[in-house]
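Notes for the one structure printed next.
Both counts, for ligands and for their atoms, begin at 1 and track the order of listing. Note that this is a predicted model, so its numbers are computed, not measured.
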Amino acid sequence: MSAPPPEPPGPKSAAIIARNQRYLIPTYARSDVVIARGRGAEIWDADGRRRLDWFSSILCTNLGHCHPAVTAAIQRQAETVVHVSNIQHSEPQSRLAELLVENSFGDAVFLCNSGAEANEAAIKAARRYGHARGGRYEVVTALGSFHGRTFAAIAATGQEKVRRGFEPSLPGFRYAPFGDSAAVEAAIGPHTVAVLVEPVQGEGGVVVPPEGYLARLREICDRHDLLLMLDEVQTGCGRTGTLWAHEQTGVAPDVMTLAKSLGNGVPVGAMVANRRAAAGLDLGSHGSTFGGNCVTNAAAVATIETLLDGRTLPRAREAAARLRAGLDALGTRHPDLVREVRGLGMLCGMELVDADRAKAVAARALDLGLLLNVTAERVLRIAPPIVITDPQIDEGLDLLGKALAE
Ligand SMILES: Cc1ncc(COP(=O)(O)O)c(C=O)c1O
């Protein structure tokens, strides 16, 4: 077990929580934990208590907290130049773009700061693609999906609740049940220009589509001259055992969006596109002041280079198999409580019989020393850093087992 990083000075948990309650607009439901330090798959709260992290800061630290290569890259870049405008060139973004293109289906990249922005870029690229083909603009997305909180992203998201109170919604989206390619084809109309889905739905409850789903969508998109756009914000960057989740299907999309773990904890996003999809985003058509920022892009370069080192991904797959076997065993031991265990790689979901139980198990696990979260009301989302060690997997399984048993 690694030595904990030094305790930071400053107020303890209760004081920090009180200050947040006083000064922040309360848009998030938070647990009463202040995370003050992290190393790998371990976190320490502001009162010094250690816990295991099976949440990876909402899947943003796939390589674990303070990964040495990423931390060194951030430090180096912060001492060199922090930000360069997009009116000039800078090295970190050129290297990041090269890495993303040379290790994907893509021909070119637009760099931004978050998942919602990456999806905005994808939707704008799709509209340009459609405008050049008779004025098509509509995007078919999946029910239960999540694509972010900007206006285009909430319109794309197949969950009514994210749009409530923000109407009128951006027009141009249709929804089909996730995993149902026939329903996608039925939703295609004369104005349709693209299909946007997650390879595995994350916020929607860790839902894995049936075998062959993406291949069928690819075939449908080709037949109707549509762009196939994959939101890999949550599934990308090694989370599912390969660099991108769609690699496991053999399907090449036209567009892929990335964020979350791309910088292993710093805000960076990207839209990767093939030539056909990128063509519409011409000079002056899109931009972002901080897109391609030197420090965040240096972190992303270090993250991707680590994922490509030939050791990290094979180890992630090995760790994921151990984790999954343990979760399956817990599911078998608690058939009255666990409806299903599912997932891909290190993105796992344990669906419980009801929302109250899921909340209670997550709260008890937190008390016992294991951080995980509940998504889609009754699904425990289990997403440790992919660098988690075997003893840490076993420790977490033991704690989760105790929380389920109580
Ligand atoms: C699949 C997916 N797309 C997009 C987003 C939005 O990302 P961000 O919060 O960085 O805008 C998320 C966030 O959870 C996500 O899971």
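Taking L170 as the reference, R127, A152, A155, F173 meet the side chain to side chain contact (heavy atoms under 4.5 Å, CB included) condition, with sequence neighbours excluded. Partners of S261 by side chain to side chain donor-acceptor pair (under 3.5 Å), not counting sequence neighbours, listed by chain and number: N62.
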N or O contacts of ligand 1 with protein under 3.5 Å, please list pair by pair.
from, atom 1, to, atom 2, distance (Å)
ligand 1, 3 (N), F146, O, 3.3
ligand 1, 3 (N), D231, OD1, 3.2
ligand 1, 3 (N), D231, OD2, 2.7
ligand 1, 10 (O), G115, N, 2.8
ligand 1, 11 (O), G115, N, 3.4
ligand 1, 11 (O), A116, N, 2.8
ligand 1, 14 (O), K260, NZ, 3.1
ligand 1, 16 (O), Q234, NE2, 2.7

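Remark: L308 CG to E102 CD distance equals 11.5 Å, nearest 0.5 Å.
For the pair D354 and R339, the salt-bridge criterion is not met [side-chain N within less than 4.0 Å of a carboxylate O].
Applying the side chain to side chain donor-acceptor pair (under 3.5 Å) test to residues at least two apart or on different chains, the pairs with a partner in residues 68-83 are H83-N293.
A 4.5 Å side-chain heavy-atom check between M350 and L404 finds at least one atom pair inside the cut-off.
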